[in-house]
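Data first, discussion second: the structure below is written as structure tokens.
Proteins get letters first, then strands, A, B, ... in listed order; numbering begins at 1 in each.
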Amino acid sequence: MFNLMKLLHRSLSSLPNSSLQTLLPIPQLCSNGRLQEALLEMSVLGHNMGFHDYDALLNTCVNKRALREDQRVHAHMIKTLYFPSTYLRTRLLILYGKCDRLQDAHKVLDEMPEKNVVSWTAMISRYSQTGHSSEALTVFAEMMRADGKPNHFTFASVLTSCSGLSVGKQVHGLIIKLSYDSHVYVGSSLLDMYAKAGRIEEAREVFECLPERDVVSCTAIITAYAQLGLDEEALQVFQKLLSQGMSPNYVTYASVLTALSGLALLDHGKQVHCHVLRRELPFYAVLQNSLIDMYSKCGNLSYARRLFDNMPETERTSVSWNAMLVGYSKHGLVKEVLELFRLMRDEKRVKPDSVTLLAVLSGCSHGRMEDTGLSIFDGMIAGDYGVKPDTEHYGCIVDMLGRAGRIKEAFEFVKRMPSEPTAGVLGSLLGACRVHVSVDIGEYVGRRLIEIEPENAGNYVILSNLYASAGRWEDVNNLRAMMLRNAVTKEPGRSWIQHEQTLHYFHANDRTHPRREEVLAKLKEILIKMKQAGYVPDHSCVLYDVDEEQKERMLLGHSEKLALTFGLIATGDGISIRVFKNLRICVDCHNFAKIFSKVFERKVSLRDKNRFHQIVGGVCSCGDYW
DNA sequence: GTAGGGTTAG
């Protein structure tokens, strides 16, 4: 036997290379990455293919994401009447799934005479990963009906597709019943499900109950807070976990940067940036994108652009482009928005998506270019950009036209929306009706808005203000009664300013800041200078029916005026003052800030809910249009 | 052979 092998080997060595290769077994060819030769051998072997040959071939195909080769192997099985085991069929399924042939994968699953937990789970996870939630849930339901026992892999996958709270809770019940609730993969998916349903307390509880934590579960809870806008809480949790020894990865940093952008904490953002560079984390587009967004939301646009320009072209995703476009849009730099959008289209490397068009349209809106916005919208309908307008795009146009005083056109757009307009859309139209005193449309819109959002005090106040301007006092009174009946809430306005590593918050008519007395005294003092320089309190910004004196007191109590005054006290001559506000700035505060910048020779940078206002020498970058 | 957290908009 030994001699024979030696002889064989000698004879093979004398053959040309190609003949030698065909005689190697398929598993060996595959492990050397010689897939094409292995396939050739498959045809030669015909009916003599065995389990290990198929297994090796499919394994190599998965690694190479080789769809055509996979199809050849599959066809060969059918042609030679080979009956693959559940294991091999599952491999086929996974391969089709990874090549984005979900229908083919599903067909393989359907045709399996016997399915096991891995085959079910592979299908569910692929549907989940590609965003096909309802398909994932359907397969999961089918699995349960077929008495397939889900495991921790299954639950971690299926929870990603549970966007509705009731479905998520049902699955949670099942997880507890089968004792998978302390599994760390299942736990992070579970807490994420609760967070996405807006249930932060439940998410927190899942996290607290986990017997072991890893970087993913820690990141998930930080992200949960950040995504719900609870930025300070997100940072607190991050800090605590850091002190407990968590080692953040690039996803953690991306989430932390989101929270920092929300609070406009530029210095902290820079620290994270330095940290990332020092740790020499590999280049991840996600992280670069968060950095671009952080710098632009903190008002440092040129830095954001530098990061964008330094990204290798092949690494830039639509998110990179969008983050940059949104940055320009929020700064009212419509020329830059349109230029970058043109560059994106010329490059053709990354396709514009729905967020891209939203950023471009809102750029036109902020930059007072309604006709350009409208023609881009028409282009979307004509199919010029490969993105069809959805509700959000219609909403953006409604906002743009309303702001420009083209109320009737805005109203026509509301009627043309493909689905019911959201409260946000109607709210912006109602606001526009008030500014441009359009009573008929305003009444209709306001009534509908109150039906949808009866708890929002702002809606009643604006509509009643509109009635008042038309002298319809009876309607004003009715509305007031209605408002008192429905327990109403309004998001309280607050502004903040950073000074020496501390965030100073001010609320309307602040009673919490330790230096409020000092701030109020200073405000009274500067008011004299301000009035001399032409500041006239704009009483129309007070939406309550009170006397003139009280109106002025209410105006002075607005949080951004308090924050500006604090900035003046706390910083030296000529230093820029950066203030941030959670709501939109009102006309009176905007006017105040402009005159403030002129009188005290300070550059004021004010970021409100929607955009930036860079004010120098009494002139604002928004052109008094926001 | 099957798994979780992710950046942009509103």
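In this structure, Asp55(A) reaches neither bases nor backbone, as no heavy-atom distance under 4.0 Å exists between it and the strands shown. Residue contacts for Ser354(A): at a heavy-atom cut-off of 4.0 Å it reaches no nucleic acid atom on any strand shown. As judged by a 4.0 angstrom heavy-atom cut-off over every strand, Ser125(A) is placed among residues touching the sugar-phosphate backbone only. Across all strands, Thr86(A) comes closer than 4.0 Å to base atoms (heavy-atom distances). Residue contacts shown for Val62(A) are absent, as no nucleic acid heavy atom lies under 4.0 Å away.
A donor and an acceptor atom never sit less than 3.5 Å apart when one is taken from the side chain of Asn59(A) and the other from the base of dG1(B). In this model, a side-chain donor or acceptor of Tyr250(A) finds a partner on the base of dG6(B) within 3.5 Å. With hydrogens and angles left out, the side chain of Ser189(A) and the base of dG4(B) share no donor-acceptor pair within 3.5 Å.
Tyr87(A) has its ring centre less than 6.0 Å from the ring centre of Phe51(A). Between Tyr96(A) and His74(A), the gap from one ring centroid to the other is short of 6.0 Å.
Ion pairing between a basic and an acidic side chain is recognised when a charged N comes within 4.0 Å of a carboxylate O; Glu453(A) and Arg448(A) show no such pairing.
An OP1 or OP2 oxygen of dG6(B) is reached within less than 4.0 angstrom by a side-chain nitrogen or oxygen of Gln227(A). For dA9(B), neither phosphate oxygen OP1 nor OP2 lies less than 4.0 angstrom from any side-chain nitrogen or oxygen of Lys609(A).
For the residue pair Asp192(A) and Ser189(A), no side-chain donor N or O sits within less than 3.5 Å of a side-chain acceptor on the partner.
Nearest to the side-chain atoms of Ser290(A) among the listed nucleotides dG5(B), dG1(B), dT7(B) stands dT7(B). Of the listed nucleotides (dG6(B), dA3(B), dA9(B)), dA9(B) has the atom at the smallest distance from the side chain of Lys330(A). Proximity note for Val251(A) (side chain, C-beta onward) versus dA9(B), dG6(B), dT8(B): the nearest is dG6(B).
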